[in-house]
Asker: 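Following this message is one structure expressed as structure tokens.
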Amino acid sequence: MDHPKEACGLFGVFGVPKVAPLIYQGLFSLQHRGQEGAGIVTSDGSRLRCVKGNGLLNDVAARTDFKDLDGHLGIGHVRYSTTGGSSIDNVQPLMVECIDGMWAIAHNGNLVNADKLRLMYQESGAIFQTSTDSEILIHLLADPMYRTRPRRVARALSELRGAFAFVLMTERCLIAARDPLGFKPLSIGRLNDAWVFASETCALTQVGATYERDILPGELVIADETGLHSDFFCEPPTDAGAQCVFELVYFARPDSRVFGHNIHTVRYQAGRQLAQEHPAQADVVVPVPDSGNSAALGFSQASGIPLDYGFIRNHYIGRTFIMPEVGQRNQGVDMKLAVVSDVIRDKRVVVVDDSIVRGTTSRRRVELLRQNGAREIHLRISSPPTRHPCFFGIDFPTTKELAAANRDIDDLRAFLGVDSLGYLSLEGLLEPLGGTRHYCSACFSGEYPVALEETSIKQNFERFQTTLDLNHQKTAS
Ligand code: SF4
């Protein structure tokens with residue numbers, strides 16, 4: 001009923017005479033991934049042009065000349081700020097001019113070694129234009145240690161740690177990449193002779209592109225005049241990975257295919273499993289729209305308890321966490337969901353939702369159900385308790401603020417004011433998806449798939465110092 005903040009959405013196209021309107025459409029269907037800012041960069045083969053601004057895509061489009069951007073290749077981004085503030089400087093794509101041409105980049109995820117790399121460059125005199133972790137890739141690309149060597153982008157990407165999906169472009173080519181553990185989704189689509197990259201397949205469908213495949217963890221894909229080329233910037237992927245399970249639970253749209261699975265089907269199966277693990281004696285199953293819809297359907301069909309719409313969502317308010325102040329957020333919650341009292345009055349109600357983060361929104365909903373005459377409320381959550389923060393690009397609150405972090409299930413049930421509470425087990429969620437070894441589930445389990453203290457930084461720094469020394473010697477001689 002309350003949720004972590006969003007990540008970001010990426011979209012890129014190569015090979016359409018006028019890409020900007022297509023990128024606009026693609027980003028529109030990724031708006032659920034970020035509402036703080038939006039931007040598009042295009043190229044006609046000789047020059048990059050950029051338009052961006054704060055706010056929803058449509059608001060940015062109304063204030064700018066998005067659709068007039070010329071070019072046959074381009075990238076776009078919708079942003080939720082997980083690092084850096086929400087100033088216009090941080091809205092992506094970021095565009096820069098290097099000694100050998102222009103670059104634009106758009107990023108989804110969090111780089112756990114960005115602060116250290118940033119400090120390293122700042123100590124050597126580099127000036128950063130934004131406070132985002134994404135900018136570090138630009139500095140790596142401009143660094144002579146990478147710029148002057150073959151496979152420059154692959155070498156630069158190999159220095160990054162943490163979670164990332166990138167789309168990048170120069171004047172003449174488009175590049176897309178996923179981190180070695182595959183935290184963030186990124187797919188390839190085909191539109192006649194054009195190539196399309198998107199965070200979710202719903203954006204491919206939106207522009208009429210057919211889904212080709214996912215970019216593999218550690219893979220770098222280049223689209224240019226000669227076609228599509230694949231490279232790996234790390235060891236080829238193993239069977240194991242760290243795909244973000246929250247993409248499946250909450251973030252992605254139900255019509256998307258993410259990490260090889262249709263999101264609606266994943267949530268529906270989770271609901272069925274939840275009914276097995278935590279049955280309830282009840283009269284009606286009520287979903288919390290929209291992300292609880294599929295799981296509620298699964299719960300209803302597995303339990304035989306009829307589904308009905310006890311909550312109606314107002315779609316015109318946007319997502320409540322857009323509002324930064326807690327007071328505003330609570331007010332937004334009340335405006336977002338209304339109770340249909342005829343559905344729940346004098347009934348034993350099973351409420352199905354995807355997750356509980358702070359718990360404040362859930363408590364408010366429970367109060368509203370009681371006020372509208374629900375006789376019993378049985379809350380069922382189609383994921384395990386969220387007990388740990390995320391360091392990989394999902395803006396969870398601190399551990400202290402997480403409702404389940406310091407409470408056992410009984411305390412949590414009392415805190416939420418429900419008659420019973422049941423969470424889906426981690427095994428129940430992940431076994432049908434191939435098992436835990438493919439996924440990051442650290443916000444549930446506390447087992448982080450990437451060391452948060454970056455140990456390779458020292459080696460990095462030493463290599464960097466060596467290059468500086470060599471350059472200094474060259475200059476001196
Ligand atoms: S900690 Fe949770 S939200 Fe963050 S990447 Fe892992 S599964 Fe996703």
Side-chain angles (χ1 to χ4, degrees), residues 1-10 32-34 80-83 107-114 133-134 160-166 178-186 199-200 214 217-218 237 240-253 256 258-261 263 266-267 270 291 295 319 321 353-359 381-405 423-454:
M1 290 187 189
D2 52 358
H3 295 106
K5 296 166 186 173
E6 297 303 276
C8 296
L10 308 177
H32 59 287
R33 299 183 67 86
Y80 187 86
S81 55
T82 50
T83 71
H107 173 211
N108 174 203
N110 256 27
L111 306 173
V112 297
N113 63 341
D133 58 343
S134 318
L160 303 178
R161 303 289 178 272
F164 58 86
F166 275 106
R178 277 177 81 196
D179 69 69
L181 293 174
F183 278 95
K184 301 294 171 188
L186 194 56
S199 290
E200 289 182 35
D214 285 354
Q243 301 170 114
C244 170
V245 75
F246 236 88
E247 289 280 351
L248 305 174
V249 167
Y250 169 66
F251 288 118
R253 253 176 46 167
S256 285
V258 168
F259 308 143
H261 303 281
I263 296 298
V266 168
R267 293 177 189 165
S291 49
R319 291 194 165 192
F321 49 70
D353 201 0
D354 57 274
S355 58
I356 297 174
V357 179
R358 286 184 181 81
I381 305 298
S382 58
S383 66
T386 307
R387 294 199 160 107
H388 306 273
C390 172
F391 299 99
F392 309 117
I394 308 298
D395 196 9
F396 275 59
T398 60
T399 308
K400 212 171 101 189
E401 292 174 286
L402 291 170
Y423 282 90
L424 183 61
S425 65
L426 192 57
E427 298 70 32
L429 177 65
L430 292 181
E431 279 313 318
L433 306 173
T436 51
R437 70 184 188 285
H438 300 294
Y439 296 94
C440 173
S441 54
C443 47
F444 305 136
S445 65
E447 291 171 17
Y448 292 93
V450 171
L452 300 176
E453 262 316 300
E454 178 50 54

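Each ligand, and each atom within it, is numbered from 1 in the order the structure gives. For the numbers below, each heavy atom of this structure counts, side chains included, while hydrogens, waters and symmetry mates do not.
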Asker: For a distance under 2.8 Å, give residue and atom name for each protein N, O or S atom next to atom 2 (Fe) of ligand 1.
Answerer: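 Under 2.8 Å from atom 2 (Fe) of ligand 1 - ignoring waters, which are not counted - the protein N, O or S atoms are Cys443 SG.
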Asker: Could you check whether Ser382 and Asp354, counting side-chain N and O atoms only, form a donor-acceptor pair closer than 3.5 Å?
Answerer: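 No.
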Asker: To check you understand the geometry: which heavy-atom pair defines the closest contact between Asp179 and Ala163, and what is its length?
Answerer: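 Result for this residue pair: OD2-CA, 3.4 Å.
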Asker: Would you sort out whether Glu447 and His388 count as a side-chain hydrogen bond (donor to acceptor under 3.5 Å, both in side chains), showing the intermediate values?
Answerer: CA-CA 9 Å; Glu447 291 171 17; His388 306 273; over 6 Å; no
Asker: Measure from the ring center of Phe391 to the ring center of Tyr448 and say whether it is less than 6.0 Å.
Answerer: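 Between Tyr448 and Phe391, which both carry aromatic rings, the centre distance is below 6.0 Å.
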Asker: In chain order, what residues pass the salt bridge (Lys or Arg N to Asp or Glu O under 4.0 Å) check against Glu431, with sequence neighbours excluded?
Answerer: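 Glu431 satisfies salt bridge (Lys or Arg N to Asp or Glu O under 4.0 Å) with no residue once adjacent residues are dropped.
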Asker: Verify whether the ring centers belonging to Phe246 and Phe444 lie closer than 6.0 Å.
Answerer: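 Yes, close enough.
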